[in-house]
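Just so it is clear, the structure is predicted and the values come from calculations on it, not from any experiment.
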Amino acid sequence: MLAAVQKNATRGDPRSVVKAIDQFCRQKEWAMNVGDEKGCILDSVVTEVNPATVLELGTYCGYSTVRIASLLPSNAKLITLEFNPDYAAIARQVIAWAGLEDKVQLVEGASGDWIPKMKEKFGIETFDLVFLDHWKDRYLPDTKLMEECGLLRKGSILLADNVICPGTPDYLEYIRNSPRYKSQYFKSHLEYTKVEDGLEKSVFLG
């Protein structure tokens, strides 16, 4: 995937990086990026929120990081967490090729370890937008952890990928039934396939 980016994408052009990865994944090898179809939903939410502070849980190879960062205002801060050091090494190169390293802080480690340190380490008070795209069994505990740590303010948006395939039933049950959230499902398909999947957008009400 990295080789495809370096061969087919223009350095400093985030959209060409996204396009190169999409083409590679459709034609050569499937990969667990958010993908082009759900990526358009992600783009629309980022544009609507126009966030100054973003947390991405699960960098993988940097595809959604590039999509998000390319839409942020110049003074915005995007922190992306990746547990796997091999993925993080690739993601750093993809983000750099897109020319977005100034907007992105890639942190290696477990979300459960880093979420409580966000205020102290990065000077973040609250996140305007959180994109959940890491281990599905971490969606719910990490959401509760963000609540406990005071990282969500009234109006903060959680956007969760893969809520149908492979699915996050405990997270959906919580987020849809909690009086603290107003939640909406965006039907789509699993990246680069015709299998149903979707994104859950949830507004934190305080």
Side-chain angles (χ1 to χ4, degrees), residues 1-49 51 54-72 76-109 111 127 129-136 138-139 157-166 168 186 188-195 197-201:
M1 192 192 297
L2 177 61
V5 166
Q6 292 169 339
K7 181 183 176 187
N8 300 313
T10 306
R11 192 186 280 271
D13 180 354
R15 289 289 132 179
S16 75
V17 170
V18 167
K19 186 179 176 185
I21 295 175
D22 284 333
Q23 285 178 336
F24 175 81
C25 292
R26 285 202 176 276
Q27 296 165 8
K28 298 276 174 54
E29 184 182 337
W30 184 89
M32 56 179 182
N33 311 306
V34 69
D36 42 8
E37 188 185 355
K38 287 186 292 180
C40 290
I41 300 168
L42 172 63
D43 291 354
S44 67
V45 171
V46 174
T47 304
E48 173 201 344
V49 176
V54 182
L55 175 61
E56 178 181 45
L57 298 175
T59 316
Y60 186 41
C61 294
Y63 173 92
S64 51
T65 316
V66 168
R67 287 196 87 120
I68 295 167
S70 69
L71 296 169
L72 296 179
K77 182 182 280 191
L78 166 57
I79 296 169
T80 183
L81 290 184
E82 178 51 55
F83 183 74
N84 184 315
D86 296 330
Y87 292 160
I90 297 295
R92 280 198 177 86
Q93 295 176 76
V94 170
I95 293 161
W97 197 271
L100 293 167
E101 59 267 67
D102 290 349
K103 282 188 184 177
V104 177
Q105 181 132 22
L106 197 162
V107 181
E108 287 181 44
S111 51
F127 287 104
L129 175 66
V130 180
F131 183 49
L132 298 93
D133 196 15
H134 57 331
W135 288 331
K136 309 314 157 195
R138 291 298 313 173
Y139 281 26
I157 304 285
L158 303 184
L159 186 67
D161 189 21
N162 302 123
V163 294
I164 303 300
C165 184
T168 55
F186 290 87
S188 187
H189 297 92
L190 182 67
E191 45 272 22
Y192 316 116
T193 73
K194 292 184 165 60
V195 176
D197 192 19
L199 295 160
E200 189 83 5
K201 175 190 171 192

Between OG of S70 and NZ of K103, what distance do you get to the nearest 0.5 Å? 7.0 Å

Whether the side chain of S16 engages the backbone of T10 through a donor-acceptor N/O pair (distance < 3.5 Å, no angle test) should be reported. yes

If you define the side chain from C-beta out and look only at heavy atoms, does anything of M1 sit under 4.5 Å from C25? yes

Backbone of I164 reached by a side-chain donor or acceptor of D197 within 3.5 Å: yes

Which pair of heavy atoms, one from K194 and one from H189, lies closest together, and at what distance? O-CD2, 3.2 Å

Quick one: ring-ring contact (aromatic ring centres under 6.0 Å, His included) partners of Y139, sequence neighbours excluded? H134, Y171

All heavy atoms of P51 vs all of A76, minimum pair found to be O-CB, 3.7 Å

Take atom CZ in F24; do more than 12 heavy atoms of anything else shown fall under 6.0 Å from it? yes

Can we say D133 and K136 salt-bridge, meaning some charged N sits less than 4.0 Å from an Asp/Glu carboxylate O? yes

Applying salt bridge (charged side-chain N to carboxylate O under 4.0 Å, His left out), which residue pairs with at least one partner in residues 9-20 are found, sequence neighbours left out? R15-D43

Do V94 and L2 touch side chain to side chain, with heavy atoms closer than 4.5 Å? yes

State the CZ-CG distance between F131 and L57, to the nearest 0.5 angstrom. 10.0 Å

Measure the OG1-CD1 distance between T59 and I79 for me, rounded to the nearest 0.5 Å. 11.0 Å

All heavy atoms of G62 vs all of A91, minimum pair found to be N-CB, 3.7 Å

ring-ring contact (aromatic ring centres under 6.0 Å, His included) filter on F186, not counting sequence neighbours, yields none

Non-hydrogen atoms of G12 and P14 that approach each other most closely: O-CD, 3.4 Å

Quick one: are I90 and D86 in side-chain contact, heavy atoms under 4.5 Å? no

I95 side, atom CD1; T80 side, atom OG1 - distance, nearest 0.5 Å: 6.5 Å

Taken to the nearest 0.5 Å, the spacing of E200 CD from N162 CG works out to 13.0 Å

Separation of R138 CZ from L132 CG (nearest 0.5 Å): 11.0 Å

Taking the side chain as every heavy atom from C-beta outward, state whether E82 and R92 have any pair of such atoms under 4.5 Å apart. no

Testing the basics here: between V104 and A69, what is the closest heavy-atom pair and its distance to 0.1 Å? CG2-CB, 3.8 Å

Before you tell me yes or no, could you show the steps for R26 and D36 under side-chain contact (heavy atoms from CB on, under 4.5 Å), namely the whole-Å CA-CA distance, both residues' side-chain angles and the distance that decides it to 0.1 Å? CA-CA 10 Å; R26 285 202 176 276; D36 42 8; 3.0 Å; yes

Quick test of your reading of the model: are E56 and R67 salt-bridged, counting only N-O distances below 4.0 Å? no

Closest contact, heavy atoms only, W97 versus V17: CD1-CG2, 3.9 Å

